[in-house]
2 protein chains.
Amino acid sequence: MHLTASQIRQDLNCFGGFGQQGYGYNVSELRKEIGRILGVDKHRKTILIGAGNLGTALAVHINFEKSGCSLIGIFDSNKKIVGNPLGKLTITDIDDLEKFCRENKPEVAVLCIPKSVTKEIVDRLTELGVRSFWNFSHYDINVEHKNIIVENVHLGDSLLTLSYGVNNNLDNDK
Amino acid sequence: MHLTASQIRQDLNCFGGFGQQGYGYNVSELRKEIGRILGVDKHRKTILIGAGNLGTALAVHINFEKSGCSLIGIFDSNKKIVGNPLGKLTITDIDDLEKFCRENKPEVAVLCIPKSVTKEIVDRLTELGVRSFWNFSHYDINVEHKNIIVENVHLGDSLLTLSYGVNNNLDNDK
DNA sequence: TAGATTGTTAATCGATTAACAATC
DNA sequence: TAGATTGTTAATCGATTAACAATC
């Protein structure tokens, strides 16, 4: 993984001492501890907004539980696909978002929606108590309201990084 | 963008001087220069391997030209979807990969395929002269053969980062 | 000349690496 | 005791920030 032993020891010490000097690490215990730090033992209720190509891909391929998230709802504004099954869930009308959230209190939202509607959706969701966003839209969520956690995934930027690498013969796989 | 003026000047100077002291930058010229550095003015022939949910999402939503790439072929092993249209292209049988590459000489490949077949596909593509990979599979491409450029996108890692942020109340939007 | 803005050098900061003490 | 391995401090490296010279 391109990491030195020294770096691993330093990093682990940010969270505490997990090994025994002269003896080593209990690997399975260490693994569990790291999992706890990352929060993979949680089941945070998560909803997906937007069941287009990307939303569908994520709903099908991402193992949410593996990251401590539990996908409990999928929403879309397209009435033609509302009611359709997607994985183990059924696509719900975005108009029912408020009702659903008041009843189920999700904490995390995955945003697979166009830039133009993202601000409105984020406003509605924060109002409803959602504090964490996995954001695939091109809109940059404005964290004026602190205590909100955002993980942006801008795939276009990633392709641009590759393009730079191609044009400058860089091995950026580190 | 959370950048200081100093940082921008430093970064620009890695590539040369683009402004005039006391006067400023010619913004549209600077923009063009940065574009050239990133290679967005190129039209590198690009193929997409795997037309599942994720591959479809990328084919539809990503503006390849904007990053200097030109999508010229889409391949899948599923005979049921071979021949189907996808965007402006038609899904081609993966068995025709060699023929297509010898004729069209693509430089970049987007990998939306399962981990299990990635090594084989990468071997075939490098043999055919493809040197750059935008890799969405979970397989870590082994760059033993230098001169190969890889940009990995592991969406699961991104969700795990969010999970850590949620559990430790970190604002990681910087 | 005064004000403004870039280019470049120096200072600061943080992260990586190396060294070594502690311990089995 | 010798060898091995973690925890922790010190040294090194690189990137960010600050300072200032150059220029309009």
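Reckoned from all heavy atoms, side chains included, excluding hydrogens, waters and symmetry mates. So you know, we letter chains A, B, ... as the sequences are listed, proteins then strands, and number each from 1.
Look at CD on A:Gln20: it is 21 Å from P on C:dA21, rounded to the nearest Å. In this structure, the CZ atom of B:Phe15 is 17 Å from the C1' atom of C:dT8, given to the nearest Å. One atom, CG of B:Leu3, and another, P of D:dA15, lie 15 Å apart when rounded to the nearest Å. In this entry the distance linking CG of A:Asp11 with P of C:dT17 reads 10 Å, nearest Å. Spacing between atom OH of B:Tyr23 and atom C1' of C:dA4 amounts to 13 Å, rounded to whole angstrom units. Distance, B:Arg9 CZ to D:dT16 P: 14 Å, rounded to whole Å. Residue A:Ile8 contributes atom CD1, which lies 17 Å from atom P of C:dA15 at whole-angstrom precision. For the pair A:Gln7 CD and C:dG14 C1', the interatomic distance rounds to 13 Å; values are reported in whole Å.
A:Arg36 and B:Asn167 form no side-chain donor-acceptor contact under 3.5 Å, judged by distance and modelled atom types alone. Side-chain contact, B:Thr46 with B:Glu107: no donor N or O sits under 3.5 Å from an acceptor N or O.
Across C:dT9, D:dT8, D:dA21, the shortest atom-to-atom separation from the side chain of B:Gln21 is found for D:dA21. Distance from the side chain of A:Tyr25 is smallest for D:dT6 among the nucleotides D:dC24, D:dT6, C:dT6.
Searching all strands for a Watson-Crick or G-U wobble partner of C:dC20 with both distances below 3.5 Å returns D:dG7. C:dC13 and D:dG14 make up a base pair, with Watson-Crick or G-U wobble contacts both under 3.5 Å.
Cluster membership for B:Leu3 and B:Phe18, using ILVMFWY side-chain heavy atoms within less than 4.5 angstrom, is shared.
Within the nucleic acid shown, B:Ser6 comes within 4.0 Å of at least one base atom, counting heavy atoms only.
Side-chain atoms of B:Gln10 stay outside donor-acceptor range of the base of C:dT8, with no qualifying N/O pair under 3.5 Å.
The backbone N or O of A:Asp157 lies less than 3.5 Å from a partner atom in the side chain of A:Thr161, making a donor-acceptor pair.
Scanning all heavy atoms of the two residues, the minimum distance from A:Leu111 to A:Phe133 falls at CD1-CD2, 3.8 Å.
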